[in-house]
Amino acid sequence: MDLHLKNLFDRFQEQFGSGPGLGPGSGTCLMKVEGISSNFIKPLFKASAALYRTEPWRRLRPGHLFGVRVGKDSDWSGKKQPFPCSQFIGGDGGDIGFYMFRSENDAKKMTGLRETIRVPNVELLRVTYELETLMFPSNRKMIKSLSLEASGNDRFPVIDVARCTSSGELQFRNPTLEELKFVYAFMRAISLVHPLLQADKESGPNWTRLISFDPFIETVDIQWPSEMARGHELVAVTISHPPGQAYEEKISSTTSSTPTKYAEPPDEVTFMDIRVNSNSSSIHCAMCEKEVHGDQSLCCGRCRAVVYCTSLCQKQHWKESHKSMCGLYKAMMEREEELVMKIFMFPCSAAQPCKWLESLGIHQKGMWRRKCSCYSHCPFGLLPVKGGLWDSWGGLDDEEYPGDLPFHNQLRDGISSPILLSGWSEYYNLRSLSLSSPVADILSHPLTVYHILTALSINTKNLLLKGKEVILHYLGPEGEMDWMPAFSEISHLLNGLGNIQIIMVGPEVPTNLSGTTSGISSRVRVNLVRGVYQEEATYLPSPHVIVALNCALDRYSSWGGALDLIKAIGAPAFFTEQSEILCANAKQVLRGAGLHITHPVTPNPFRSPVKNHDSSTNLPSYSNGFVLGVNA
């Protein structure tokens with residue numbers, strides 16, 4: 001039967017052509033690959049589904065070529081990378097998938113303006129996402145018998161290796177086990193890093209549909225499934241665009257996970273007078289930490305990020321450290337506009353928190369008391385509470401804070417399940433909140449936790465979808481201990497399925513609250529434990545995931561013991577930082593602790609929209625601004 005269908009397919013191609021790409025899958029079946037097992041196939045389909053969910057075809061076209069490097073050349077037969085160049089097809093129509101080539105030159109030869117060119121004797125590996133109803137019977141049987149994960153609603157990957165003969169015909173074969181292993185690593189890595197591509201707005205004609213991206217290179221650690229491990233659990237995968245892009249590292253510099261463009265430092269130090277807004281908080285010299293005022297301050301004329309009290313401090317700082325960091329700071333300042341959330345209609349700059357809160361009419365009210373220093377005398381978790389939810393939200397109007405009510409008509413296939421959110425716009429719409437409401441500033445904490453559980457950690461997402469309980473260790477709580485009414489929103493987002501136990505552990509937990517449990521809702525409960533994590537974890541139930549928000553990993557020595565324990569436990573752990581420079585420092589701390597970063601630094605869709613600045617730079621910072629993960 002398969003042979004009959006293949007003949008029909010060949011005649012159809014001869015008459016109508018294959019369109020963009022090289023046409024649909026050839027009918028090869030992974031079950032026929034020599035030495036393969038079902039435990040090898042299942043993670044391939046999971047990785048394929050994860051890539052499909054990131055929708056790379058929205059921005060990427062065949063003209064965007066990527067360099068791929070998985071491990072060392074010596075790890076592969078022939079002592080070279082099997083398919084070191086790749087492209088995505090289907091963004092402009094036709095078959096959806098991606099192609100992998102033996103070389104960048106092969107990729108360029110086969111990439112036409114509107115179609116894939118058949119070049120004789122060029123071999124490529126194809127992954128095409130096909131509708132189950134159009135697949136060959138052997139593949140449908142494999143999908144059903146192994147209960148393989150679908151990509152989207154009803155698509156599955158078909159993987160084959162194609163070669164064009166000198167007569168123009170296509171020949172197909174099954175991929176080898178080694179080639180499938182390479183594809184798996186690529187799918188896992190590219191799904192993490194392609195969202196980090198930054199559009200280059202200054203290059204390319206306006207009429208072209210092909211987006212130009214800044215040069216890009218990122219390395220992530222991918223964990224092999226047990227069937228593929230062969231003694232090595234992790235492999236470093238490097239993705240670059242364009243393919244020839246190489247790292248430009250400086251020994252003394254701190255590199256960021258987010259790709260940056262470095263320029264050579266100027267021959268002479270340049271200065272620029274800046275005037276600090278009179279309503280802003282105090283700014284300190286980056287060199288001597290002396291407080292400076294607008295009429296006295298200088299900033300680096302190249303990156304415009306670092307502030308000084310005098311030219312003497314500026315020159316000394318340039319020699320000691322800023323020379324190696326200036327390019328990184330400059331790139332961060334250039335990306336500031338991309339971090340601004342323009343949907344909100346309230347003031348989103350809180351350089352002076354008290355005045356910002358006063359402008360919104362919520363100063364020294366409810367949960368907002370933790371947003372300035374006026375109640376710093378009161379221990380975390382012990383703010384006096386009076387009234388109900390309206391008082392907790394500082395007396396905001398009804399349409400400006402979420403009520404203690406379930407979400408209505410949120411069903412998937414007629415079944416109640418956790419609500420999956422993409423960002424603030426969707427959440428505000430579901431809650432019918434006015435975009436003039438500032439509640440996102442506080443809700444950033446609980447919704448970041450929910451985002452980690454349902455979007456970044458696949459294991460916890462699956463547990464919740466199955467209606468099971470997730471245990472989360474929450475490290476270093478402070479002001480959020482006074483925000484329990486906000487954390488109750490997680491229960492409503494679960495939408496009647498699954499439970500979450502949040503165990504908050506940290507030295508700021510008051511003694512009289514340690515050991516207590518807050519049942520903030522029927523599906524979410526919070527336990528408070530006083531102490532440092534590495535000393536208390538032995539007495540806690542094992543976590544499914546570990547979270548630390550606004551953690552400032554490089555600023556507290558106590559993190560060392562906690563990170564050692566996280567490495568020993570092996571549970572997925574996610575950290576948020578307020579700025580890119582803190583993320584760069586966090587990466588160094590994590591790698592120094594022997595932890596492999598499996599979720600690279602990405603902007604958090606549920607970061608607070610309220611912008612702050614570091615006390616010695618003009619760099620923007622946002623509560624829970626960026627997220628990165630290990631063991632994920």
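Heads up: numbering here begins at 1 and tracks the sequence. Only heavy atoms go into these numbers, but all of them, side chains included; no hydrogens, no water, no symmetry mates.
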With heavy-atom distances below 4.5 Å as the criterion, would you say the side chains of Ser422 and Pro605 are in contact? no
Identify, with sequence neighbours excluded, every residue that meets ring pair (Phe, Tyr, Trp, His ring centres under 6.0 Å) alongside Tyr52. Trp57, Tyr129
Look up atom OG in Ser167 and atom CZ in Arg118, then write down how far apart they are to the nearest 0.5 Å. 10.0 Å
Closest approach of Asn604 to Met341 (non-hydrogen atoms, all atoms of both residues): O-CE, 4.4 Å
Any chance you could measure Ser138, atom OG, to Leu30, atom CG, to the nearest 0.5 Å? 10.0 Å
Within the distance-only criterion (no hydrogens, no angle test), does the side chain of Ser444 pair as donor or acceptor with the backbone N or O of Ala440 below 3.5 angstrom? no
Can you tell if the side chain of Arg61 reaches within under 4.5 Å of the side chain of Phe88, non-hydrogen atoms only? no
Gln87 side chain vs Pro62 backbone, donor-acceptor pair below 3.5 Å: yes
Does the pair Arg126 and Phe172 meet the rule for a side-chain contact (heavy atoms from CB on, under 4.5 Å), with working shown? CA-CA 10 Å; Arg126 310 186 309 160; Phe172 300 96; 3.3 Å; yes
Considering non-hydrogen atoms only, spot the tightest contact between Arg607 and Trp424 and give its length. O-NE1, 2.8 Å
Check: Arg163/Gln171 side-chain N/O donor and acceptor closer than 3.5 Å: no
Scan side-chain atoms only and decide if Thr128 and Asp95 contain a donor-acceptor pair under the 3.5 Å cut-off. no
In Å and rounded to the nearest 0.5 Å, what is the CE to CD1 distance from Met31 to Ile41? 5.0 Å
Can you pull the salt bridge (charged side-chain N to carboxylate O under 4.0 Å, His left out) pairs that have at least one residue in residues 131-147, sequence neighbours excluded? none
Hey, does the side chain of Tyr184 reach the backbone of Pro43 with a donor-acceptor pair shorter than 3.5 angstrom? no
If you define the side chain from C-beta out and look only at heavy atoms, does anything of Ile117 sit under 4.5 Å from Thr111? no
So do Asn459 and Val545 actually touch side chain to side chain, heavy atoms under 4.5 Å? no
Establish, yes or no, whether the cationic atom of Arg102 lies under 6.0 Å from the six-membered ring centre of Phe83 and within 45° of the ring axis. yes
Lys72 backbone acceptor or donor facing Asp75 side chain under 3.5 Å: yes
Are Thr165 and Glu169 linked by a side-chain donor-acceptor pair shorter than 3.5 Å? no
Of all the heavy-atom pairs spanning Lys567 and Ala593, show the shortest one and how long it is. CD-O, 3.6 Å
Taking all atoms of both residues into account, what is the closest heavy-atom pair of Leu443 and Pro402, and its distance? CD1-CG, 4.2 Å
Look at the side chain of Tyr450 and the backbone N and O of Ile419, then say whether any donor-acceptor pair between them is shorter than 3.5 Å. yes
Decide yes or no on side-chain contact (heavy atoms from CB on, under 4.5 Å) for Asn499 and Val524, but give the supporting numbers first. CA-CA 6 Å; Asn499 297 279; Val524 179; over 6 Å; no
Once you round to the nearest 0.5 Å, how far does NE2 of His451 lie from CG of Asn624? 11.0 Å
Chi angles and distances behind the side-chain contact (heavy atoms from CB on, under 4.5 Å) call for Leu493, Leu447: CA-CA 9 Å; Leu493 289 167; Leu447 264 62; 4.2 Å; yes
Indicate the atoms forming the closest heavy-atom contact of Cys583 with Phe626, along with that distance. SG-CB, 3.3 Å
Checking His544 side chain against Pro572 main chain: does a donor-acceptor pair fall under 3.5 Å? no
Could you walk me through whether Thr238 and Ile217 pass the side-chain contact (heavy atoms from CB on, under 4.5 Å) test, one step at a time? CA-CA 7 Å; Thr238 299; Ile217 186 166; 3.7 Å; yes
Is the backbone N or O of Leu453 less than 3.5 Å from a side-chain atom of Ser457, with the two atoms forming a donor-acceptor pair by type? no
Just by distance, do the side chain of Arg523 and the backbone of Gly498 share a donor-acceptor pair under 3.5 Å? yes
Compare all side-chain heavy atoms of Phe213 with those of Gln198 and state whether any distance is below 4.5 angstrom. no
Please round to the nearest 0.5 Å and tell me the distance separating atom CD1 of Ile239 and atom CZ of Phe66. 8.0 Å
When you compare the side chain of Ile471 with that of Glu469, does any pair of heavy atoms fall below 4.5 Å? yes
List the residues meeting side-chain hydrogen bond (donor to acceptor under 3.5 Å, both in side chains) with Glu149, not counting sequence neighbours, and say none if there are none. Arg53
I would like to know whether His599 and Thr602 meet side-chain hydrogen bond (donor to acceptor under 3.5 Å, both in side chains); could you show each step before the answer? CA-CA 8 Å; His599 181 83; Thr602 53; 3.2 Å; yes
Are Glu179 and Thr176 packed together at the side-chain level, in the sense that at least one heavy-atom pair is separated by less than 4.5 angstrom? yes
For Glu178, does its backbone N or O pair with a side-chain atom of Trp76 as donor and acceptor, under 3.5 Å? no
Leu44 versus Met187, closest heavy-atom pair with distance: O-CE, 3.5 Å
Any chance you could measure Ile597, atom CD1, to Leu192, atom CG, to the nearest 0.5 Å? 12.0 Å
Quick one, Arg69 and Val237 - any side-chain contact, counting heavy atoms below 4.5 Å? no
Looking at Ser417, is its backbone amide N or carbonyl O close enough to the side chain of Asn495 to form a donor-acceptor pair, meaning the two atoms are under 3.5 Å apart? yes
Residues Lys79, Asp73: salt bridge by 4.0 Å N-O rule: no
Can you confirm whether more than 12 heavy atoms, excluding those of Asn153, are under 6.0 Å from its CG atom? no
